[in-house]
Number of protein chains: 2
Amino acid sequence: MTLQEGKEQFVQTWGALGSKWGINRTMAQVHALLLISPEALTASEVKETLGISMGNANMNLRALIDWGLIRKEHKLGHRKEYYFAEKDIWKVAQQIIAERKKRELTPIQSVLSELQQIEGEGEEVDSFKKMIDDLAEFSNFADKTLDTVATSDRNWMVNSFMKLLGNKK
Amino acid sequence: MTLQEGKEQFVQTWGALGSKWGINRTMAQVHALLLISPEALTASEVKETLGISMGNANMNLRALIDWGLIRKEHKLGHRKEYYFAEKDIWKVAQQIIAERKKRELTPIQSVLSELQQIEGEGEEVDSFKKMIDDLAEFSNFADKTLDTVATSDRNWMVNSFMKLLGNKK
DNA sequence: CAGAACTTTCAAAAAATATTGAAAATTCAG
DNA sequence: CTGAATTTTCAATATTTTTTGAAAGTTCTG
């Protein structure tokens, strides 16, 4: 397999993975492309490489900036904007965790608190409340765990989990 | 908020969450419905409650069985099949983790090993290989961590992560 | 400051995904 | 076994999501 083939397969694979996780396939491909690009790229280069329209390239680049996964760069003497990705995979993971937590976990927690307020008594109400309580407890656990992971450095992560693995039995 | 309203909002919310995570909205709603249903339900009841077709109900129920999140039950003297969900949220989480790991992480790891085989030399090849290596290392870490989480009981999970949180600083 | 280069927006079109409904298959009571 | 009840399948349809492309906006050079 040549470098070129490898890069293409990587972009495809990353795109497929993204779409399984509720992330736009093209956005994931743009991210993949920038991850393996040593140099910052222009929107036009992204457009050409992936065979997408300018508007599409632009929208997905902006979405990636919103996610904190890539940044813009002005090159002196150049008119165009250059885009480059955070290359440290551990930081990438932390950023994704932090964003999804903010976008999804927090709203769920607020819905769960509301649902804990339902009125009425009886077996049915109790069992509903039990499920909501369990979910709230679980999401609390997830919240704390993800916070810890998302604010830790790589060495801490690896060490702690290795310890965890060792302790288990 | 009444029980009925609460149940409806829960089903809606769970459906919306699922669709953000690459899970069919209706499948997530069916799951939500069974999670908060003290009794096992027939496909017809699911169809009626969610206002979907029989075919759709059937397909999503089967998908949930494939995911190991619900099971069928034959009731003596009844012709119909009854469906019920695993209610222990920690087990549900473990099941989802185990399934997604099997369906997504494993295939990615195999692609990454292939990509480590690319030929050629030079700066560009080295930086590509570096990224692939980093991803492989990360996915290994994720694999082990998720394995640990997915095979542990709830108390072990809570305790360990609480320790982890305590140790951090 | 004019206008070329580049970026952004967004309504319309295309593509991908989910749903229906009707037919086929299966199951089981009588 | 028979046939009514129920479940399953899947091609056609509907819905949702993504992409395009053209127009508007912005920026910066000369």
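To find a chain, count down the sequence lines: A is the first, B the second, and so on, and within it residues start at 1.
From the 5' end on, the contacts that DNA chain C makes with chain A at under 4.0 Å to a non-hydrogen atom open and close at C:dA4 to C:dC10.
The residue among A:His78 and A:Ile52 whose nearest nucleotide of DNA chain D lies closer to the 5′ end is A:Ile52.
In this view, A:Phe84 satisfies the ring-ring contact (aromatic ring centres under 6.0 Å, His included) rule with no residue, not counting sequence neighbours. Among residues two or more places apart in sequence or in another chain, the side chain to side chain donor-acceptor pair (under 3.5 Å) test is passed with B:Glu104 by A:Trp21, B:Arg100. Partners of B:Ser19 by side chain to side chain donor-acceptor pair (under 3.5 Å), not counting sequence neighbours, listed by chain and number: B:Arg25. Under the rule for a side chain to side chain contact (heavy atoms under 4.5 Å, CB included), the partners of B:Ser37 that lie at least two apart in sequence or sit in another chain are B:Leu41. Looking at residues two or more places apart in sequence or on another chain, you find a side chain to side chain donor-acceptor pair (under 3.5 Å) between B:Gln4 and B:Glu8. Partners of A:Lys75 according to the side chain to side chain donor-acceptor pair (under 3.5 Å) rule, which considers only residues two or more places apart in sequence or in another chain, do not exist here. Checked against side chain to side chain contact (heavy atoms under 4.5 Å, CB included), A:Lys101 has the following partners two or more places apart in sequence or in another chain: A:Leu105, A:Asp143, A:Leu146, A:Asp147.
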Practice prompt. Give the B/S/- string for nucleotides 5-18 of chain D, one per nucleotide from 5' to 3', where a protein heavy atom under 4.0 Å of the base yields B, of only the sugar-phosphate yields S, and otherwise -.
Written response: BSSBBB-------S
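A donor-acceptor distance shorter than 3.5 angstrom exists from the side chain of B:Glu5 to the backbone of B:Thr2, with no hydrogens or angles considered.
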